[in-house]
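Please read the structure below before turning to the comments.
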Amino acid sequence: MKVLVTGASGFLGTHVSRELARRGHIVLPFDVDSSPESLSKLVEESDFIFHLAGVNRPRDSREFYEGNAGLTERLVSLVKEKRRGTPILFSSSIQATKDNDYGKSKKMAEDVLFQSGLPVYVYRLSNLFGRGGRPNYNSAAATFCFNIAHDLPVAISDPKIVIGYQFVEDVARAWADLLESDALLGSKEPLGFAPAYPCSLGDLVTLLQGIKNAVASPSHLPIIHDDFERKLFKTFCWYLSDEGSSFNYSCDARGSFEEIMKSSRLGQISENITRPGEQKGGHYHTRKEEIFYTVQGKILVRLRSLGSRAVEEIVQKGPPSPCLSIPPNVTHDLVNVGTGDALTLMWISEIYSPDTADTYREPVELR
């Protein structure tokens, strides 16, 4: 499917575009540096529109209305002009109910969409967080992650204020699922998004400081207690990285594997998802050390030292299974022996490079 994404290079647009591309859709990007004339052609080509472009921190309040309501009016006008009836998903904000210029401009854009007669989905989002969030711009979570990762002071007006946080990758996946659903009839009223994780500003700072201390410790992996902490850890690692923002992702029938932190000083952390009954691994390293920590599900880890026939089996069920250290010259694999997807965090003592992979195939079980 050809999908127009306005604001494609922004925080939310980047994650949505990446998720769509992973699923084989053709992304038609439109950004602030795109020529205004190009929008007409993109609308004509598109089968679905993610309208994610907007203005939230302008120098002049008039830019709120031009960038939020004005662009939405133009987009709707072009869809009608092309007689396409193309569904539009719009990223609004919980601020749309408030009496400020940003909120009022978002509400005006919502009204334009609801009155258009087109199939529309209007989502009121709050406090998105995830890799790529800009400090002092996108959300308090981005600011706190950046400051704590770089040993900068964190200013909190009231540590007891509770905010609901939404993980940007959850949003991207849910919206891609919606795109691929059978019926795209739209909604007649604004939609919320779940899950949203309530957390006080004080607790958020405490969690992030704990994650930083754990990553710098000999174990390198924090104990993760719930889904919010896992996503916060994944986000925080992005700000710690000293190797830029190039992270590899792979997915097949067995599950997925995604790098979430790379540091020449601290090594690499990856997130591994294994489907029920599937097996991964079957290799050893000659110099690299690894630590596994299963956050969700039930994993059987099998280990065998080179030169031995004895196989050690360890079950990790998280949380709160202890971290499992795997030294060099020990071949290992893991099998999901649970009923649902298993999620394992993996620390390795150096960054993976194809040129110096130090990974050698060797079955755990000898015949």
- Message: Is there a side chain to side chain contact (heavy atoms under 4.5 Å, CB included) between Val315 and Glu313? Walk through the geometry before answering.
- Response: CA-CA 7 Å; Val315 173; Glu313 295 187 346; over 6 Å; no
- Item | Derivation of the salt bridge (Lys or Arg N to Asp or Glu O under 4.0 Å) call for Glu19 and Arg23 | CA-CA 7 Å; Glu19 182 66 25; Arg23 300 188 185 206; 2.9 Å; yes
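Remark: side-chain polar atoms of His51 are not paired, donor with acceptor, to backbone N or O of Ile49 under 3.5 angstrom. In this structure, Tyr121 contributes its side chain and Leu185 its backbone to a donor-acceptor pair below 3.5 Å. With hydrogens and angles disregarded, a donor-acceptor distance shorter than 3.5 Å links the side chain of Ser116 to the backbone of Leu113.
Environment of CZ in Arg83: sparse, with no more than 12 heavy atoms of neighbouring residues, nucleotides or ligands closer than 6.0 Å.
You'll find the side chain of Val335 stays beyond 4.5 Å of the side chain of Glu278, heavy atoms only. Counting heavy atoms from C-beta outward, Val215 and Met261 have side chains that approach closer than 4.5 Å. Within the 4.5 Å cutoff, side-chain heavy atoms of Leu4 are placed close to those of Leu75. Between Val16 and Val3, the closest side-chain pair of non-hydrogen atoms is not below 4.5 Å. In this structure, Phe114 and Val120 have side chains that are in contact, with non-hydrogen atoms separated by less than 4.5 Å.
The minimum heavy-atom distance linking Pro153 with Asn147 is given by the pair O-ND2, 3.0 Å. The nearest pair of heavy atoms linking Phe30 to Ser35 is CE1-O, 3.6 Å.
Partner of Glu169 under the side-chain hydrogen bond (donor to acceptor under 3.5 Å, both in side chains) criterion, chosen from Lys231, Lys234, His15: Lys234. When the options Phe228, Phe129, Phe233, Phe193 are evaluated for a ring-ring contact (aromatic ring centres under 6.0 Å, His included) with Phe167, the one that passes is Phe129.
Using modelled atom types and a 3.5 Å distance limit, the side chains of Thr339 and Lys298 yield no donor-acceptor pair. Side-chain contact of Gln268 with Ser270: a donor-acceptor pair under 3.5 Å is present, judged by distance alone. Inspection of the Asp358 and Thr286 side chains reveals an N or O donor paired with an N or O acceptor under 3.5 Å.
Ion pair Lys280/Asp252 not flagged as a salt bridge, since none of the NZ, NE, NH1 or NH2 atoms sits closer than 4.0 Å to an Asp/Glu carboxylate oxygen. Using a 4.0 Å cut-off between charged side-chain N and carboxylate O, Asp177 and Arg173 make no salt bridge. Residues Glu362 and Arg304 are paired through a salt bridge, judged by an N-O separation under 4.0 Å between the basic side chain and the carboxylate.
Below 30°, between 30° and 60°, or above 60°: for His220 and Trp347 the angle between ring planes is below 30°, a parallel geometry.
Hydrophobic clustering, with ILVMFWY side chains joined whenever heavy atoms are under 4.5 angstrom apart, groups Leu71 together with Leu118.
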